[in-house]
Structures are given as structure tokens and as C-alpha cells.
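Here is the structure we will look at.
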Amino acid sequence: MRLGLAVLMGLTGPAMAQDIASARLIAPTDRYAHAVLGDALEWGGLELTLSDARRLRFTLPDSHVFEDTTARLADFDDDGRPEVLVVETSVTQGAALAIYDADGRRAATPYIGQPNRWLSPAGWGDFDGDGRVEIAYVDRPHLARELVFVRLEGDRLVELARAPGFTNHRIGDSSIAGGTVRCQGRDAVVVASADWSRMMTVTLGPDGVLARDSGPWPAQGPDLSICP
């Protein structure tokens, strides 16, 4: 379902003929009273800048917001062209992970199911060594604390695995902790244990989530430039 209305700024021509060069969240709004990221404002729109400098703006209806810290640009389906990853929230059904391209919302996970329930992107990379990109997020990092891995396949985000006992966000923080590191030739996602005591380095194996305890959680957060 396409929620947003796209407005093309600049020259005419097919948007999909161009790659997305950058993405940002726009149109601050206070229509969703959750404040999980530390203030009363979320985002009502998404602006994509194409490689020919044209801009695309997608505006959500009043029933939805982007409840996120940033819009993440990467090639999530291994086709050589970037897409955009954001947290998109229904004011009645809570958060979902969504992928946008120049045509609008391409894929999304199901909404959590009730308001004031959020999910937190954790990273992306080839976590199982098969040459394809997976996306990791924490489902309800303050409650359920489940680390989930999905893959973008066509117009669907397909769940691959999930496991409890992880988090990457504290209520009120304006940033998300951890991210992707490269360890021994394989991408891994770094998150915290559910109680924030340990740094966990996580990959995917044939039987699901593989987590390695990498020591105490650093007070300033992990250094993602080195393998823990």
C-alpha cells in the first residue's frame, strides 16, 4: 500500500531512471505522542534527492509518521541501486520497518499491533555469508528485546530469524547504539544484551541467530571501526 503522495521537484522525466543520491526525513510533526526518541516531534515526510539533482518528497497521511533518527541509504536488495530504510509508524498500530524507493514505499514489516510500540534498526550486511544483504532490527528494544533479521525480496521484507535477549536503545535517547562491523571476513551486528551489561556480536547461521559475548558494554558505545 502506497501511503505517501510523491511530489517531484525540478525537471520533468521518469524518476526511476535515476538513482537515489541522498535521503532525509522532513516535515516535523507532533501528531504522535510517544517521544521514544526524547522529544515530542516525529517526521511527516521523506525527501529523496536523485542523481540528477531532482528531489522527490513523500508525505505521509495524518495517521502515520516516520519515527526515526535518520533515513538510511543503501543497496538492500543487491541490485546495484540504493533504497531507503526508515521506521514508519501508524498512530494506532505502532511501528514497522519500511523500505522506500523512487516509487514510494516498496516493502514493510507488519506493524507491531498497538500504539506506542517501536522497533529500532540495528544494521545491515551479509550476516550469513551467502553474498546477500540482511537487515537487522530490535523489536521493542525496551520491552520484547528481540533481535530480528529480514531480507528484502521483491516487494516483501521476509523474516529470516529472531531471538530474544538484545537491545540497542534506551527510552528517551536520541540515537541508536551499535551497528554493523566486519569480523573475520563476515559482517556482524553489534548490539547490547537485554540488561545493557554485555556487548553482543551477532551473525546468522544455518540454525538462526549466533551471538558471541564480546565483553562489557562500553560506556561510550562500541567502536564500529574494529572487530570486537
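Note that the structure is predicted; figures quoted are calculated from it, not measured.
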Handout entry: Residue pairs passing the disulfide (SG to SG under 2.5 Å) test where at least one lies in residues 149-216, sequence neighbours excluded
Key = Cys183-Cys227
With a cut-off of 3.5 Å and sequence neighbours excluded, list every side-chain donor-acceptor pair involving residues 115-124.
{"residue": "Trp118", "atom": "NE1", "partner": "Glu67", "partner atom": "O", "Å": "2.9"}
{"residue": "Ser120", "atom": "OG", "partner": "Asn168", "partner atom": "OD1", "Å": "3.0"}
{"residue": "Ser120", "atom": "OG", "partner": "Asn168", "partner atom": "ND2", "Å": "3.3"}

Practice task
State, with a plain yes or no, whether a side-chain heavy atom of Asp128 is found less than 4.5 Å away from one of Arg151.
Solution key: yes
Practice task
Side-chain contact test, heavy atoms from C-beta onward, threshold under 4.5 Å: evaluate it for Val190 versus Ser214 and give yes or no.
Solution key: no
Handout entry: Trace of the salt bridge (charged side-chain N to carboxylate O under 4.0 Å, His left out) decision for Arg54 with Asp52
Key = CA-CA 6 Å; Arg54 291 180 298 168; Asp52 63 359; 2.7 Å; yes
Practice task
Check the hydrophobic clustering (I, L, V, M, F, W, Y; side-chain heavy atoms under 4.5 Å; chains of links allowed) and say if Tyr32 and Tyr111 are grouped together.
Solution key: no
Practice task
Could you tell me whether the side chain of Asp75 reaches within less than 4.5 Å of the side chain of Arg81, counting heavy atoms only?
Solution key: no
Problem - Close side-chain approach of Glu88 and Leu46, heavy atoms under 4.5 Å - result: no
Problem - Side chain to side chain, Glu42 and Thr89, heavy atoms closer than 4.5 Å - result: no
Handout entry: Hphob cluster co-occupancy, Val133 + Leu97, side-chain heavy atoms under 4.5 angstrom
Key = yes
Problem - Under 4.5 Å side-chain linkage, directly or through intermediates, the cluster mates of Val158 - result: none
Handout entry: Any donor-acceptor pair under 3.5 Å from Thr59 side chain to Gly45 backbone
Key = no
Problem - Inter-residue atom distance Ile176.CD1 - Tyr137.OH, 0.5 Å rounding - result: 13.5 Å
Problem - Considering all heavy atoms, the nearest Gln18-Ser51 contact - result: OE1-OG, 2.8 Å
Handout entry: Donor-acceptor pair between Asp173 and Ser175 side chains, under 3.5 angstrom
Key = no
Practice task
Starting at CG of Leu85, measure out to CG of Leu152 and round the result to the nearest 0.5 Å.
Solution key: 10.0 Å
Exercise for the section: Answer yes or no: is there an ion pair linking Arg132 with Asp78, defined by an N-O contact shorter than 4.0 Å? Expected result: no
Exercise for the section: Would you check if there is a donor-acceptor pair between the side chains of Arg72 and Thr70 at a distance under 3.5 Å? Expected result: no
Fill in the blank from the handout: The complete set of ring-ring contact (aromatic ring centres under 6.0 Å, His included) pairs with one or both residues in residues 201-228, sequence neighbours excluded, reads Trp196-Trp217
Exercise for the section: Establish whether Trp43 and Val65 are linked, either directly or via other cluster members, by ILVMFWY side-chain heavy-atom contacts under 4.5 Å. Expected result: no
Exercise for the section: Please check if atom CZ in Arg156 has more than 12 non-hydrogen atoms from other residues, nucleotides or ligands closer than 6.0 Å. Expected result: no
Practice task
Find the distance between OG1 (Thr49) and CZ (Arg57) and round it off to the nearest 0.5 Å.
Solution key: 9.0 Å
Exercise for the section: Would you check, one step at a time, whether the test side chain to side chain contact (heavy atoms under 4.5 Å, CB included) holds for Asp77 with Ile99? Expected result: CA-CA 10 Å; Asp77 62 358; Ile99 300 288; over 6 Å; no
Practice task
Grab the two heavy atoms, one from Pro82 and one from Ile20, that are nearest each other, plus how far apart they are.
Solution key: CG-O, 3.2 Å
Exercise for the section: Apply side chain to side chain contact (heavy atoms under 4.5 Å, CB included) to the pair Glu134 and Asp126, showing each step before the final yes or no. Expected result: CA-CA 6 Å; Glu134 296 84 39; Asp126 181 10; 3.8 Å; yes
Problem - Linked hydrophobic residues, Met200 as query - side chain contacts closer than 4.5 Å - result: Phe127, Val138, Leu147, Phe149, Leu160, Phe166, Val189, Val191, Val202, Leu204, Val209
Handout entry: side-chain contact (heavy atoms from CB on, under 4.5 Å) partners of Arg182, counting only residues at least two apart
Key = Asp187
Completion exercise
Rounding to 0.5 Å, atoms CG (Leu48) and CG (Asp101) come to a distance of 8.5 Å
Exercise for the section: Check whether any side-chain heavy atom of Val91 sits under 4.5 Å from a side-chain heavy atom of His34, and report yes or no. Expected result: no
Handout entry: Closest contact, heavy atoms only, Leu56 versus Ala102
Key = CD1-O, 3.4 Å
Practice task
Any chance you could measure Arg212, atom CZ, to Met199, atom CE, to the nearest 0.5 Å?
Solution key: 8.5 Å
Problem - Closest approach of Phe66 to Val86 (non-hydrogen atoms, all atoms of both residues) - result: CE2-CG2, 3.7 Å
Exercise for the section: With rounding to the nearest 0.5 Å, note down the distance linking CD in Glu146 to CZ in Arg162. Expected result: 5.0 Å
